[in-house]
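Model, not experiment: these values are computed from the prediction.
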Amino acid sequence: MLNFIVDEVLSQPSILVGLMAMIGLIALKESFSKIVSGTLKSILGFIILGAGAGVLIGSLDNLGPLIQEGFNVQGVIPNNEAIVAIAQKTFGKETALIMGFGFIANLAIARFTPLKYVFLTGHHTFFMAALLSAVLGTAGMTGVPLIILGSILLGFIMVLMPALAQPFMRKITGNDDIALGHFGTVGYLAAGFTGKLVGNPEKSTEEVKVPSSLKFLKDSILSTAITMIVIFFIVTLKAGQEVVSKYSGGQSWFMFSIIQGLTFAAGVSVILMGVRMILGEIIPAFKGIAEKIVPEAKPALDCPIVFPYAPMAVIIGFLSSFLGGVVGMFLMKPLGLAVIIPGMVPHFFTGATAGVFGNATGGKRGAIFGAFVNGLIITFLPALLLPVLGDLGFANTTFGDADFGLIGLIIGSIAKLF
């Protein structure tokens with residue numbers, strides 16, 4: 001039964017969010033029709049968001065290898081899904097148990113402490129459980145002690161990170177209704193503080209003035225499409241038709257670049273639609289949870305939840321974070337670290353979110369420099385984490401987002417002392 005709950009429920013963010021919405025609506029004593037509607041729309045919103053992310057990731061998965069081959073870059077590519085899949089071969093049972101008990105610990109901490117956050121990003125919960133089992137296991141812990149300590153740590157991290165990000169979330173959203181549940185928080189905090197130092201929140205990315213003949217660029221989806229088409233043009237020209245053909249199915253580099261750029265923008269558009277549906281259902285439902293189960297509870301949701309608040313900052317953040325990753329990559333060898341190749345997926349999702357955070361505190365300059373700092377962070381932390389992962393550190397991949405690197409380093413270092 002526990003395996004079913006962990007593997008089939010907690011690992012599915014759409015079902016987890018739907019269950020939370022249903023519990024909240026039942027607690028509010030809503031009609032059967034409203035309960036069914038709110039539950040299904042919450043699930044559909046997350047499925048739509050996931051579908052958009054899948055489309056977008058498919059485009060980025062083509063871009064990453066083209067950059068590697070076209071520019072002849074070799075090194076370690078951070079990818080959460082890849083490193084977790086490898087970790088499961090050794091720590092599969094421990095990861096599942098830590099994830100299940102960690103969610104219970106999250107609810108308990110939210111119920112009895114001032115940290116009123118319920119972390120609803122199921123896949124990131126799973127990734128963090130895998131990191132904790134790997135790091136604690138590499139440090140020598142086994143069995144019940146590993147599971148108990150891992151679960152407590154996971155529950156605490158699931159409320160701590162949203163709490164740290166919440167002051168910035170209030171600036172972004174203009175209210176205190178939702179929190180951020182995504183383990184790139186260290187990079188987002190760095191972006192927010194960088195924005196304060198270098199920019200002016202009044203000069204927002206969303207108020208960029210363009211000539212009347214280019215008004216269409218004010219549409220964030222169109223500007224995203226054009227930006228990505230240009231990037232694909234540059235990369236495919238450098239890689240050459242022979243390399244491009246391996247990923248395009250024989251399609252010319254020209255048409256491949258256009259289609260991939262438009263596909264990327266379509267993925268962003270679908271993500272935004274899913275986010276709007278989730279927000280429309282989950283916030284009212286959480287009033288029931290806040291009133292009856294966890295007083296003052298806030299849902300901590302996946303990072304695309306902030307994208308609609310500053311769509312231009314999303315693409316600016318992605319590009320700036322990627323630039324930070326490239327700069328960091330060239331600093332790796334001189335510093336004696338493993339070379340971390342910028343992973344397009346982590347740089348998009350965390351870079352875009354960092355751009356929104358930086359924009360909230362420092363406008364355009366905040367978005368640019370804040371996301372650039374995030375790019376450096378998610379380059380150096382994965383390199384430093386590799387030795388802590390033991391045998392997993394030789395898998396030619398590692399965790400990509402900032403919190404995994406920082407938490408892995410801290411817990412790994414403390415665990416080895418004892």
Which residues share a salt bridge (charged side-chain N to carboxylate O under 4.0 Å, His left out) with R170, sequence neighbours left out: D176
Interatomic spacing from CG in L301 to OG1 in T121 - rounded to 0.5 Å: 6.5 Å
Short side-chain to backbone donor-acceptor contact, T227 and S223, under 3.5 Å: yes
Side chains of L107 and R111 in contact at under 4.5 Å (non-hydrogen atoms): no
Heavy-atom side-chain contact between I98 and F91 under 4.5 Å: no
side-chain hydrogen bond (donor to acceptor under 3.5 Å, both in side chains) evaluation trace for N80 with H123: CA-CA 10 Å; N80 294 330; H123 64 291; over 6 Å; no
Value rounded to 0.5 Å, distance of CD1 in I315 from OG1 in T224: 4.5 Å
Donor-acceptor side-chain pairing of S321 and N374 below 3.5 angstrom: yes
For the student: nearest non-hydrogen atoms of E206 and P311, plus distance: OE1-CD, 3.2 Å
Heavy-atom side-chain proximity of P304 to F349 below 4.5 angstrom: yes
Non-hydrogen side-chain atoms of V388 and T138 separated by less than 4.5 Å: no
L323 and L319, any side-chain heavy atoms less than 4.5 Å apart: no
Flag for Y247-E69: side-chain donor and acceptor within less than 3.5 Å: yes
Criterion side-chain hydrogen bond (donor to acceptor under 3.5 Å, both in side chains) on D403 and T185, from CA distance to verdict: CA-CA 6 Å; D403 295 355; T185 311; 3.0 Å; yes
Flag, side chain of K116 to backbone of A110, donor-acceptor distance under 3.5 Å: yes
Quick one: side chains of residues 191-203, donor-acceptor pairs under 3.5 Å with protein atoms, not counting sequence neighbours, listed by atom name and distance.
unit_1 : atom_1 : unit_2 : atom_2 : d
T194   : OG1    : A190   : O      : 2.7
N200   : OD1    : E202   : N      : 2.9

4.5 Å side-chain heavy-atom contact, I67 and F322: yes
Check: F348 ring centroid to F264 ring centroid under 6.0 Å: yes
S133-T95 side chain donor-acceptor pair, cut-off 3.5 Å: yes
Nearest atoms (heavy-atom pairs only) where L132 meets I411: CD2-CD1, 3.4 Å
Any side-chain heavy-atom pair of F127 and M99 under 4.5 Å: no
Any side-chain heavy-atom pair of V84 and F399 under 4.5 Å: yes
